[in-house]
Student: 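Here it is, the structure in full.
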Amino acid sequence: MYRTNTCGELRIGNVGQEVTLAGWVQRSRKMGGMTFVDLRDRYGITQLVFNEETNAELCAQANKLGREYVIQVKGTVNERYAKNEKIPTGDIEIIVSEMTVLNESLVPPFTIETNTDGGDDLRMKYRYLDLRRENVRANLELRHKFCIAVRNFLDSKGFLEIETPVLIGSTPEGARDFIVPSRMNPGQFYALPQSPQTLKQLLMVAGMDRYFQIAKCFRDEDLRADRQPEFTQIDCEMSFVTQNDILNTFEEMAKYLFKEVRHYDLGDTPFIRMPWHEAMRRFGSDKPDMRFGMEFVELKDTLGGTGTFGVFNDAKYIGGICAPGCAHYTRKQLDQLTDFVKSPQIGAKGLVHAKVNEDGTVKSSVDKFYTPEVLEQLKHKMDAKPGDLILIMSGDDAMKTRKQLCELRLEMGERLGLRDRNKFALLWVVDFPMFEWSEEEGRLLAMHHPFTAPRPQDVPLLDTDPASVLADAYDMVCNGVEVGGGSIRIHDAVLQAKIFKVLGFTPERAQEQFGFLMNAFKYGAPPHGGLAYGLDRWVSLFAGLDSIRDCIAFPKNNSGRDVMLDAPSRVDQKQLDELMIDVRPQTK
């Protein structure tokens, strides 16, 4: 037996007990004739004491220990003279009588501490060392608790956990597939699933009624902080349900997870259900952050054609936000905001501001173009108070300008400390457009996926005005992050064929790609719908992280590489020959 106790469980009540511990050396320090070693395992840290007067040879051994050595010690639990209130075991220490070095360690490339000196790339290369850090390990423990809570809730609601294949056929819609060559079927390929979408629908046709799976999904797309080429979603589907049934079930699930895992009570008030067009008009985003206000105010009637400012007079859209208490902003701060919106990532042409002075008068960067009466109307339209700052943007494309104004709103929310990571605001965004136009492909694409059902009242528009059709789709948003989304699915083969036609599929191509699903619908498919939660995103929100990478055990970097395993990598020519694959040389 390597240990009788972990390094995190001994307390003052254990004083006098003989114990055996095993773990890693966090640090050691010599003070006179005493050597103190902090021993760490997954459960915590316990201080070890070696006394030169009691056992000089053992103390000399302890003085040779390096960081991350793996050791086993035996000794007696003792009450500490100088207690450490920062750790749960801070009232006790172990007076060591025996020690065995189980494994030595090279000097780690970075410190194994919460505030490490290792950069991202270095820590990802040595991820197995990074995972020893308490804060990183805590993220994985949180993920574990979250998964247990998910399973407990869904089991209580009658859901069956069912695995679906990882090697499937490639589909043409959505992001790029990762493809896998088949040696036994030369020249043919599997694809890794972007989601188990069609498979869970087939499970509904099969009569499973309620399904879930904590499923690995794969998308070959450009990466950023909240994306990984492989990610995990909580995939769910239900039969004989309406949108309202699904929203109620998963709203209840969200409240359960917050209370059970995050110990945060969302209360009994139902989540807001906001139509997509309203979200875009009010916040310029289909995932609005509702922790704070600064809602958009449309100002075309107030500032368009009421003065001599040509930029506003020519603009098709003018919108503003009111930043409370920011009228004190200096010229330098206002220039910084202007540079922010003009950055390549946002792409605005400029920013107009107006300060409401303490006496109620308005001082604007476009004073010379407008009368005091118009500026007074602007103040009332914005509901601005003395000390507030009005920020205004305009453009020819209303949707594009709203998205730019959204970035400014979020920046101001950050500057004002309104995006508190310990505060949570959730809502549903509903009634998404069914289709979106692709300039690149010159056709309509499915905004979600081609199996999303249109709202029943919009089905006739598929023949006359498909671009105006709204989908029976919904997203759950938390703090400006989409944490889940889904829809009522099409369960009728005729309607599914019509959707494929709108998307530009020939009947032959639709049959080739999705014939298995359309054929299944002919054998009594029930009405069904579902939702997929992003597990990685949920955990990162609960942990207060900026990136989902830190709640994944072995993540990829922003280039999609695993720098620890050095993957992807080249394979032997023999393997390529077996798969009948020729690799073309790269051309620069």
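Predicted model only: the values in this text are computed from it and were never measured. Any value given below was found using the heavy atoms of this structure, including those in side chains, with hydrogens, waters and symmetry copies removed.
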Student: Is there a side-chain hydrogen bond (donor to acceptor under 3.5 Å, both in side chains) between Ser569 and Asp566? Walk through the geometry before answering.
Tutor: CA-CA 7 Å; Ser569 60; Asp566 193 24; over 6 Å; no
Student: Is any side-chain heavy atom of Asn244 closer than 4.5 Å to one of Arg273?
Tutor: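 Touching, per the 4.5 Å side-chain cut-off.
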Student: Of the non-hydrogen atoms in Ser239 and Pro526, which two are nearest, and what is the gap between them?
Tutor: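 Closest heavy-atom pair between Ser239 and Pro526: OG-CG, 3.7 Å.
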Student: Counting neighbours of CG on Asp582 that are heavy atoms of other residues, nucleotides or ligands and sit closer than 6.0 Å, is the number greater than 12?
Tutor: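 At most 12 heavy atoms, drawn from other residues, nucleotides or ligands, come within 6.0 Å of this atom.
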Student: Side chain to side chain contact (heavy atoms under 4.5 Å, CB included) between Val136 and Asp550: does it pass, once the steps are laid out?
Tutor: CA-CA 7 Å; Val136 181; Asp550 289 330; 5.9 Å; no
Student: Tell me whether the guanidinium CZ or amine NZ of Arg409 lies under 6.0 angstrom from the six-membered ring centre of Phe292 and within 45° of its axis.
Tutor: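 Arg409 over Phe292 ring: yes.
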Student: So among Arg282, Arg281, Arg402, which one has a salt bridge (charged side-chain N to carboxylate O under 4.0 Å, His left out) with Glu295?
Tutor: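 The single option meeting the salt bridge (charged side-chain N to carboxylate O under 4.0 Å, His left out) with Glu295 is Arg282.
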Student: Counting only N and O atoms by type, is there a donor-acceptor contact under 3.5 Å from the side chain of Arg132 to the main-chain atoms of Ile112?
Tutor: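 The answer is no, because no donor-acceptor pair under 3.5 Å joins these two groups.
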Student: Quick check: closest heavy atoms across Cys478 and Phe424, and the distance to 0.1 Å?
Tutor: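 The answer is SG-CD2, 3.9 Å.
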Student: Is the ring pair Phe514/Phe505 parallel, tilted or perpendicular, if the boundaries are 30 and 60 degrees?
Tutor: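 Plane angle between 30° and 60°, so tilted.
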Student: Does the side chain of Phe500 come within less than 4.5 Å of Arg509's, by heavy atoms?
Tutor: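 No; the side chains remain at least 4.5 Å from each other.
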Student: Within a 6.0 Å radius of atom NZ on Lys216, are there more than 12 heavy atoms belonging to other residues, nucleotides or ligands?
Tutor: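 Yes.
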Student: Would you check if Thr116 and Arg123 make a side-chain contact, meaning some heavy-atom pair closer than 4.5 Å?
Tutor: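 Contact flag for Thr116/Arg123 side chains = yes.
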Student: Would you mind writing out the side-chain donor-acceptor pairs for residues 538-545 within the sub-3.5 Å range, not counting sequence neighbours?
Tutor:
unit_1	atom_1	unit_2	atom_2	d
Ser540	OG	Asp536	O	3.3
Ser540	OG	Arg537	O	2.9

Student: I'd like to know if Arg455 pairs up with Asp431 as an ion pair, taking the criterion as any Lys NZ or Arg NE/NH1/NH2 lying under 4.0 Å from an Asp or Glu carboxylate oxygen.
Tutor: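 Looking at Arg455 and Asp431, the cut-off is met.
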Student: Heavy atoms only: give me the nearest Pro454-Val459 pair and the separation to one decimal.
Tutor: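 Closest approach of Pro454 to Val459: CG-CG2, 3.8 Å.
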Student: Pick out which of Arg549, Arg219, Lys556 makes a salt bridge (charged side-chain N to carboxylate O under 4.0 Å, His left out) with Glu230.
Tutor: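 Testing each of Arg549, Arg219, Lys556 against Glu230, the sole residue satisfying salt bridge (charged side-chain N to carboxylate O under 4.0 Å, His left out) is Lys556.
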Student: Should the pair Glu134-Arg40 be classified as a salt bridge under the 4.0 Å nitrogen-to-oxygen rule?
Tutor: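 A salt bridge is absent here (no side-chain N lies under 4.0 Å from a carboxylate O).
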Student: Any sub-3.5 Å donor-acceptor pair from Arg443's side-chain atoms to Leu503's backbone N or O?
Tutor: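 Present.
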Student: Is there a side-chain hydrogen bond (donor to acceptor under 3.5 Å, both in side chains) between Tyr264 and Asn422 once you walk through the steps?
Tutor: CA-CA 9 Å; Tyr264 187 97; Asn422 292 311; over 6 Å; no
Student: Between Asp562 (side chain) and Pro555 (backbone), is there a donor-acceptor pair under 3.5 Å?
Tutor: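 Judged by distance alone, no pair lies under 3.5 Å.
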Student: Is the shortest distance from a Lys or Arg side-chain nitrogen in Asp130 or Arg127 to a carboxylate oxygen in the other one below 4.0 Å?
Tutor: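 Yes.
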Student: Does the Glu251 side chain pair with the main chain of Phe271, one donor and one acceptor, at a distance under 3.5 Å?
Tutor: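 Pair found, side chain donor or acceptor close to backbone of Phe271.
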Student: Apply side chain to side chain contact (heavy atoms under 4.5 Å, CB included) to the pair Gln213 and Lys200, showing each step before the final yes or no.
Tutor: CA-CA 9 Å; Gln213 179 182 191; Lys200 65 182 176 184; over 6 Å; no
Student: Kindly say whether Pro450 contributes a backbone atom to a donor-acceptor pair with the side chain of Gln496 at under 3.5 angstrom?
Tutor: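 Yes; at least one donor-acceptor contact below 3.5 Å.
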Student: Closer than 3.5 angstrom, by distance alone: can the side chain of Arg143 be matched with the main-chain N or O of Cys551 as a donor-acceptor pair?
Tutor: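 Such a contact is found between Arg143 side chain and Cys551 backbone.
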Student: Name each donor-acceptor pair under 3.5 Å that joins a side chain in residues 253-260 to protein atoms two or more places apart or in another chain, with its distance.
Tutor:
unit_1	atom_1	unit_2	atom_2	d
Lys255	NZ	Gly267	O	3.3
Lys255	NZ	Thr269	O	3.1

Student: Could you tell me whether Arg421 and Asp546 have a side-chain N and a carboxylate O separated by less than 4.0 Å?
Tutor: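 Yes, Arg421 and Asp546 are salt-bridged.
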Student: Tell me whether Tyr474 contacts the main-chain N or O of Gly485 through its side chain, where contact means a donor paired with an acceptor under 3.5 Å.
Tutor: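 A pair under 3.5 Å: no.
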Student: Are Ile499 and Phe435 side-chain neighbours, meaning at least one heavy-atom pair lies under 4.5 Å?
Tutor: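 Side chain of Ile499 against side chain of Phe435, heavy atoms only: contact under 4.5 Å found.
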Student: On the 0 to 90° scale, with breaks at 30° and 60°, tag the Tyr126-Tyr128 ring pair as parallel, tilted or perpendicular.
Tutor: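 If you compare the ring of Tyr126 with that of Tyr128, the planes turn out perpendicular.
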Student: Using a 4.5 Å cut-off on heavy atoms from C-beta on, say whether the side chain of Arg210 contacts that of Leu160.
Tutor: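 A side-chain contact is absent here, since even the closest heavy-atom pair is not under 4.5 Å.
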Student: Pair Trp428, Phe250 - check side chain to side chain contact (heavy atoms under 4.5 Å, CB included), show working.
Tutor: CA-CA 11 Å; Trp428 291 104; Phe250 291 100; 4.2 Å; yes
Student: Report, as yes or no, whether the 6.0 Å neighbourhood of atom CD on Gln457 holds more than 12 heavy atoms from other residues, nucleotides or ligands.
Tutor: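 More than 12 within 6.0 Å, yes.
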Student: Considering all heavy atoms of both residues, which atom of Arg137 and which atom of Leu131 are nearest to each other, and what is their separation?
Tutor: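 Heavy atoms of Arg137 and Leu131 come nearest at CB-O, 3.7 Å.
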Student: I'd like to know whether Met204 forms a side chain to side chain contact (heavy atoms under 4.5 Å, CB included) with Arg489, so could you lay out the CA-CA distance, the side-chain angles of the two residues, the decisive distance to 0.1 Å, and finally the verdict.
Tutor: CA-CA 11 Å; Met204 296 302 101; Arg489 323 301 187 188; over 6 Å; no
Student: Please name the pair of heavy atoms, one in Ser182 and one in Leu579, separated by the smallest distance, quoted to 0.1 Å.
Tutor: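 For Ser182 and Leu579, the tightest heavy-atom pair comes out as C-CD2, 4.2 Å.
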Student: Would you say Arg561's side chain and Pro568's backbone share a donor-acceptor pair under 3.5 angstrom?
Tutor: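 Side chain of Arg561 to backbone of Pro568, a donor-acceptor pair under 3.5 Å: yes, one is there.
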Student: Do Met476 and Leu426 come close enough that some side-chain heavy atom pair is under 4.5 Å?
Tutor: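 In contact.
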Student: Nearest heavy-atom pair of Met238 and Thr249: which atoms, and what distance?
Tutor: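 Closest approach of Met238 to Thr249, heavy atoms only: CE-OG1, 3.8 Å.
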Student: With rounding to the nearest 0.5 Å, note down the distance linking CG in Asn519 to NZ in Lys522.
Tutor: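 That separation rounds to 5.0 Å.
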Student: If you measure from the Lys or Arg side-chain nitrogens to the Asp or Glu carboxylate oxygens, is any gap between Asp289 and Arg291 under 4.0 Å?
Tutor: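 Salt bridge present between Asp289 and Arg291.
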Student: Is the Phe432 ring parallel, tilted or perpendicular to the His448 ring (thresholds 30°, 60°)?
Tutor: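 The arrangement is perpendicular - the two ring planes meet at more than 60°.
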Student: Is it true that a side-chain atom of Asp245 and a backbone atom of Thr242 form a donor plus acceptor pair closer than 3.5 Å?
Tutor: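 Indeed, once roles are kept as given, a pair shorter than 3.5 Å links the two residues.
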Student: Side chains of Val430 and Leu247: closer than 4.5 Å at any heavy-atom pair?
Tutor: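 They are in side-chain contact.
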Student: For Asp577 and Gln573, what are the C-alpha separation, side-chain angles and deciding distance, and is it a side-chain hydrogen bond (donor to acceptor under 3.5 Å, both in side chains)?
Tutor: CA-CA 6 Å; Asp577 292 341; Gln573 186 62 44; 2.9 Å; yes
Student: Among residues at least two apart in sequence or on other chains, which ones pass side chain to side chain donor-acceptor pair (under 3.5 Å) with Asn103?
Tutor: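 Side chain to side chain donor-acceptor pair (under 3.5 Å) check on Asn103 returns nothing, list empty.
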Student: Is any side-chain heavy atom of Leu203 closer than 4.5 Å to a side-chain heavy atom of Thr164?
Tutor: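 When only atoms from C-beta onward are counted, Thr164 and Leu203 do touch, with a gap below 4.5 Å.
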Student: Could you check whether any side-chain N or O of Lys498 sits under 3.5 Å from a backbone N or O of Leu462, counting only pairs where one atom can act as donor and the other as acceptor?
Tutor: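 No; zero donor-acceptor contacts below 3.5 Å.
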Student: Do other residues, nucleotides or ligands put more than 12 heavy atoms under 6.0 Å from Asp465 CG?
Tutor: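 Yes, CG of Asp465 has more than 12 neighbouring heavy atoms, counting only those of other groups under 6.0 Å.
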Student: Which value, rounded to the nearest 0.5 Å, describes the distance between Glu163 atom CD and Ile214 atom CD1?
Tutor: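 One gets 11.0 Å once the value is rounded to the nearest 0.5 Å.
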Student: Test side-chain hydrogen bond (donor to acceptor under 3.5 Å, both in side chains) on Ser195 and Gln233 and set out the steps.
Tutor: CA-CA 8 Å; Ser195 78; Gln233 68 183 35; 4.5 Å; no
